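These numbers were taken from a predicted model, which means no experiment stands behind them.
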Amino acid sequence: MEISALVIVGFVLALFVVITVTRAVRIVPQARARNVERLGRYQRTLRPGLNFVVPYVDRVYPALDLREQVVSFQPQPVITEDNLVVQIDTVLYFQITDPRAAAYEIADYLHGVEQLTVTTLRNVVGSMDLEKTLTSRDTINSQLRGVLDDATGKWGIRVNRVEIKAIDPPTTIKEAMEKQMRAERDKRAAILAAEGQRQSQILTAEGDKQAAVLRAEGNRSAEILKAEGQSRAIDQVFQAVHRNDPDPKLLAYQYLQVLPQLAQGEGNTFWVIPGEVTSALRDVSRAFTEALPASPATGARPATDGLAARAADDAAQAAEAAAEAVADASEAGESVALNDNGNRSAR
């Protein structure tokens, strides 16, 4: 019995020693800190590594994370200057710099930071309209960070960044904004289409102008070449006529051959029959019915039977064609008048 009692006492003492050593030795991880109270009063802060405390006298609180932390708060309703309620979701980046202040200056620093963020956000956004709120995120972030950093400094917390994750306007405002954006896109599309059409028309006009210029230059060159050709042909004919010195009777015969062609032209509503037609016919008839002069070389007269007959027939046909042309003009209701030069004109 005595041995059993000694074993039990020894076991209890060993257990007490183990528990005492365990409570006296505390290992704190890196980037962590633990506050120690002795008899209910703050005594010190345990730093990372091996630390010793007085067992059963010192009370060690849970570790505080000294790393930068990220907290995403629930979307909060905020009223803008133009009386629109928007839901704003924020993200806070903060770090504990003083474990003692974080534990003793405020009961719950996360709840305090959240409420301070909401109130500051409502003050900042309340002075802006919706459009400015949607386009001024950097301004809102900087103002929030300044206010939060000043207020949380005494809590042992440093606010590094405050970001607005989302700003959700009401559904009706979203629909109106979508319509506005759609109208803006349609306007830009119409402007681009008009610009393209204008450029196309300008390029087409430039091409037509260049084509017209080239076509006009080609026509001008063709007319010049044609006029030069006609001029050279007329000059050669004129030189040939004067070089051969034709007889007036031959010219009268040629005139009678051309006269029916003038009368038969389409669209001729006015043509002139000179008074010399009768004399031309008489001269031609006399020229081909009279005997031809003797040849200067042989002194013989050429045979005139066939030649005279053919010439007489040609003259008769020319005179008949002229008479038919005059008769056709008279039947069409056109008047024949004698002009001041002794010529007859048919209308």
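Under the 3.5 Å distance criterion, the side-chain polar atoms of Ser200 are left unmatched by any main-chain donor or acceptor of Gly196. Side-chain atoms of Asn51 come within 3.5 Å of backbone N or O of Gly49 as a donor-acceptor pair. With hydrogens and angles disregarded, a donor-acceptor distance shorter than 3.5 Å links the side chain of Arg122 to the backbone of Pro77. The backbone N or O of Gln74 sits less than 3.5 Å from a side-chain atom of Gln76, completing a donor-acceptor pair. Remark: the backbone N or O of Ser231 is not paired with any side-chain donor or acceptor of Asp235 at under 3.5 angstrom. Judged purely by atom type and a 3.5 angstrom limit, Thr97 uses its side chain to pair as donor or acceptor with the backbone of Gly156. Under a 3.5 Å cut-off, the side chain of Asp149 and the backbone N or O of Arg145 do not form any donor-acceptor pair. A distance-only check finds no donor-acceptor pair linking the side chain of Glu163 to the backbone of Asn141 [under 3.5 Å].
Here the straight-line distance linking atom CD of Gln115 with atom NE2 of His111 works out to 4.0 Å at 0.5 Å rounding. Here the straight-line distance linking atom NZ of Lys226 with atom CD1 of Ile224 works out to 13.5 Å at 0.5 Å rounding. Distance check, rounded to the nearest 0.5 Å: OG1 of Thr80 to NZ of Lys132 gives 12.5 Å. We find the CG-CZ distance between Asp58 and Arg41 to be 13.5 Å, quoted to the nearest 0.5 Å. Atoms CZ and CG, from Arg158 and Asp98 in turn, are 12.0 Å apart once rounded to the nearest 0.5 Å. Separating the CD1 atom in Ile167 from the OG1 atom in Thr133 is a distance of 6.5 Å, to the nearest 0.5 Å.
Under the 4.5 Å side-chain heavy-atom criterion for grouping Ile, Leu, Val, Met, Phe, Trp and Tyr, Leu110 is not connected to Val147 through any hydrophobic cluster. Val53 and Val21 fall into different hydrophobic clusters, where Ile, Leu, Val, Met, Phe, Trp and Tyr side chains are chained together by heavy-atom contacts under 4.5 Å. Under a hydrophobic-cluster definition in which Ile, Leu, Val, Met, Phe, Trp and Tyr are linked whenever side-chain heavy atoms come within less than 4.5 Å, directly or via other members, Val71 and Ile96 are assigned to the same cluster. By the rule that hydrophobic residues join a cluster once side-chain heavy atoms approach within less than 4.5 Å of another member, Ile79 and Phe73 end up as members of separate clusters. Follow the hydrophobic side-chain contacts under 4.5 Å out from Ile106 and you reach Val113 in the same cluster.
For the residue pair Thr120 and Leu116, the shortest heavy atom distance occurs at OG1-O, 2.7 Å. The nearest pair of heavy atoms linking Asn35 to Pro99 is ND2-O, 3.3 Å. Heavy atoms only, all atoms of each residue included: Pro169 and Leu130 are closest at CB-CD1, 4.3 Å. Between Pro55 and Thr20 the shortest heavy-atom distance is CG-CG2, 3.6 Å. The shortest non-hydrogen separation linking Arg59 to Tyr61 is NH1-OH, 3.5 Å. Leu46 approaches Arg44 most closely through the heavy-atom pair CD2-NH1, 3.2 Å.
Considering only heavy atoms from C-beta on, Thr152 stays 4.5 Å or farther from Glu105 through its side chain. Residues Glu195 and Arg198 have side chains in contact (heavy-atom distance under 4.5 Å, counting atoms from C-beta outward). Side-chain contact between Arg67 and Arg32 is present, with heavy atoms from C-beta onward closer than 4.5 Å. When side chains are defined from C-beta on, Leu92 counts as touching Leu148, because their heavy atoms get closer than 4.5 Å. The shortest side-chain heavy-atom distance between Met128 and Ile140 falls under the 4.5 Å cut-off.
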Glu178 vs Met181, side-chain contact (heavy atoms from CB on, under 4.5 Å): CA-CA, chis, key distance, verdict: CA-CA 5 Å; Glu178 291 177 358; Met181 293 302 298; 5.8 Å; no
Evaluation steps, side-chain contact (heavy atoms from CB on, under 4.5 Å), between Asp186 and Arg182: CA-CA 6 Å; Asp186 293 341; Arg182 191 180 301 111; 3.9 Å; yes
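Between Asn160 and Glu68, the side chains place a donor N or O and an acceptor N or O closer than 3.5 Å (distance only, hydrogens not considered).
Taking a cutoff of 4.0 Å between a charged side-chain nitrogen and a carboxylate oxygen, Glu223 and Arg220 do not qualify as a salt bridge.
Paired with Leu121 under the rule side-chain contact (heavy atoms from CB on, under 4.5 Å), one option of Val124, Val125, Asn123 passes, and it is Val125. Ile88 pairs in a side-chain contact (heavy atoms from CB on, under 4.5 Å) with only one of the listed residues (Val118, Thr117, Asp168, Val78), which is Val78.
Within 6.0 Å of CD on Gln197 lie no more than 12 heavy atoms contributed by other residues, nucleotides or ligands. Sparse packing is recorded around NZ of Lys154, with 12 or fewer heavy atoms of other residues, nucleotides or ligands lying under 6.0 Å away.
The aromatic rings of Tyr56 and Phe16 lie parallel to each other, their planes meeting at an angle below 30°, with 60° marking the opposite boundary.
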